[in-house]
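To start, the structure under review is shown below, and the notes come after it.
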Amino acid sequence: MNNYIKKFYHAITSLKQKNAAQQGVQYIKVHSIDEIKDAHILDYHDLSELDLREYKHLFDYAPTESLPCSGIRGWTTNVIWPSPDKMPAGVNPLAIMERAKAPAGKPNGATGRGINIAVIDNMLDATNPEYADSIKFIQGPLHDQKMPQNKHASMVMGQLVGKSTGIAPDANVYYFTKVSYQDRKKFDKDITQILKNVIDFNRAQKPENKINILSCSWGARKKHSPEVCALLDQLESDGVKIILCTSDYMNAATLSGRDFMPCNNPNMTNIQPNVRAAGDETIRMMNLPFGPDKRIGIPTNMRTTPLESNGWQYRVAGGESSAAPYIAGVYACVLENNQLFMIRKNWQQELNDILKSTAIQTEQGDYVINPNGVRAKVSEIVKQMEATIIKYQMHQNDDY
């Protein structure tokens, strides 16, 4: 390693350690491969003692195999990596992270402008410049800078409206926060109150400010949460498109007209389609179940999203939590300049049907979401509606 690269490496390492110390964070010193290969996501880990030259497989994501049981599953910009001469040939974690910022399957020319999305998730640092401008309303406790970073909320917002990483960066977000996912009973109680707050907020808005889409990375359970599901029904009847994650109960608790992301039950989730995205990334798909005849692949893996207050996080394997905001963002882009579509009866279910009918079949026989196809079909329907309205108005004028 030449002197210039060595000096640059030590400068970056020193800066990361200094920033961590200022935030009161202690780096975890890693002494062996076994300490990292099963880590959920590497964050404040110091890997400078390791020699990873023979461990390129820890970064590989084989397109013909199922999700890895071990390996490096993700990392943030806070990681201190081994010096370049001790990294596998061709592996640059920061370059991988940078390539994976661009959202997969972004609709051409659409950014979700004019569409209002309610998001329910954990406490959030609303000052992150990646998504701060999109937040038009916040209700609930915000992230305390003295607390550990909450990677979930910023991932959701980054996937949805991130300037670099979001599928719909110009959509408006009404953010409703809760305390935690940890306590199931407490969470069910919290989510009930939050949904009541969402309904009250929405009913107080002018027509142009009303919620069009709700994205919540969590699944309702009719069997266990009838009150929650009743509130979701109310929101839907108020004209809101509901997008949730599933649970292992969802197969017997389908709520008509709603999108359900893949669940953790292996009998309901089949993670196999792989398609090429821009550049050299292979994007793995989570599947959106639309019945036994067709499952739609949703790109959630190998994505970069913002960290809570600064920096970035890269995840090899996405999941339900990132699929929900992705779908919400796609629908926001689809509805941009097509708001007339939302006066149609059962338009929420119709969106599902259009997504299913426009999906692209891969060489492997699987189906992949086609955002441009969905937008084109909805735009076609809206043009027909506009033509019908014009003809009706002309007919009314003729009567006079």
Side-chain angles (χ1 to χ4, degrees), residues 1-21 25-102 104 149 151 155 165 266 271-286 299-305 307 311-319 322 364:
M1 188 167 66
N2 64 46
N3 288 334
Y4 176 78
I5 295 177
K6 187 181 295 185
K7 288 180 180 180
F8 183 75
Y9 171 77
H10 287 303
I12 294 297
T13 298
S14 298
L15 180 61
K16 288 183 177 182
Q17 290 172 335
K18 181 179 179 180
N19 289 339
V25 179
Q26 183 72 38
Y27 264 94
I28 300 171
K29 192 72 173 179
V30 177
H31 304 284
S32 73
I33 297 295
D34 290 337
E35 295 177 38
I36 66 168
K37 68 178 184 179
D38 294 319
H40 180 62
I41 184 169
L42 298 177
D43 192 4
Y44 284 98
H45 291 79
D46 181 353
L47 279 58
S48 58
E49 288 188 3
L50 301 185
D51 187 336
L52 298 180
R53 284 176 291 182
E54 303 301 320
Y55 292 91
K56 186 176 181 180
H57 63 279
L58 291 178
F59 296 87
D60 287 342
Y61 199 68
T64 58
E65 298 178 9
S66 60
L67 293 177
C69 295
S70 64
I72 298 177
R73 302 178 184 183
W75 55 84
T76 75
T77 44
N78 298 322
V79 176
I80 296 176
W81 295 96
S83 56
D85 59 320
K86 294 183 178 180
M87 289 292 291
V91 173
N92 183 335
L94 296 182
I96 292 172
M97 179 178 284
E98 188 63 29
R99 287 198 302 269
K101 286 181 180 179
Q149 287 186 333
K151 300 180 183 66
M155 177 277 294
T165 62
I271 308 171
Q272 55 180 335
N274 291 268
V275 296
R276 287 285 173 186
D280 58 359
E281 295 286 339
T282 297
I283 307 262
R284 241 177 144 91
M285 298 289 164
M286 294 296 288
T300 63
N301 293 357
M302 304 180 80
R303 297 290 91 206
T304 296
T305 52
L307 276 175
W312 304 93
Q313 56 181 318
Y314 170 80
R315 293 178 183 271
V316 171
S322 53
Q364 298 94 333

Where at least one partner belongs to residues 89-98, residue pairs that pass salt bridge (Lys or Arg N to Asp or Glu O under 4.0 Å), sequence neighbours excluded | E98-K101

Will you find, in the side chains of S32 and D34, an N or O donor that is under 3.5 Å from an N or O acceptor?
-> no

Determine yes or no for a side-chain-to-main-chain donor-acceptor pair under 3.5 angstrom, with W312 supplying the side chain and M97 the backbone.
-> no

Chi angles and distances behind the side chain to side chain contact (heavy atoms under 4.5 Å, CB included) call for R315, W75 = CA-CA 7 Å; R315 293 178 183 271; W75 55 84; over 6 Å; no

Closest non-hydrogen atom pair between M302 and A100, with its separation = O-CB, 3.4 Å

Would you indicate whether the side-chain heavy atoms of R53 and P82 approach each other to under 4.5 Å?
-> no

Is there a donor-acceptor pair closer than 3.5 Å between any side-chain N or O of Y27 and the backbone N or O of N78?
-> yes

Between the CG atom in L52 and the CD1 atom in I36, the distance rounded to the nearest 0.5 Å is 5.5 Å

Measure the spacing between CD of E35 and NE2 of H45 and express it to the nearest 0.5 Å.
-> 8.5 Å

Without swapping roles, check the side chain of K16 against the backbone of T77 for a donor-acceptor pair under 3.5 Å.
-> yes

R303 side chain to A102 main-chain N or O, any donor-acceptor pair under 3.5 Å?
-> yes

Rounded to the nearest 0.5 Å, what separation is found between the CD1 atom of I41 and the OH atom of Y314?
-> 10.5 Å

So, for A89 and K56, which heavy atoms are closest and what is the spacing to 0.1 Å?
-> O-NZ, 3.7 Å

Taking the side chain as every heavy atom from C-beta outward, state whether D43 and I28 have any pair of such atoms under 4.5 Å apart.
-> no

Looking at side-chain heavy atoms only, is the closest gap between I72 and V316 below 4.5 Å?
-> no

Can you tell me how far CG of L307 sits from CE of M155, rounded to the nearest 0.5 angstrom?
-> 11.5 Å

Y55 and H57 aromatic ring geometry - parallel, tilted or perpendicular at 30°/60° bounds | tilted

Can you check whether L47 reaches L42 side chain to side chain, under 4.5 Å on heavy atoms?
-> yes

Taking side chain to side chain donor-acceptor pair (under 3.5 Å) as the test, write out the residues that go with N19, two or more places apart.
-> none

Side-chain heavy atoms of Q17 within contact of D46, under 4.5 Å | yes

For the residue pair S48 and Y9, establish whether any side-chain heavy-atom pair is separated by less than 4.5 Å.
-> yes

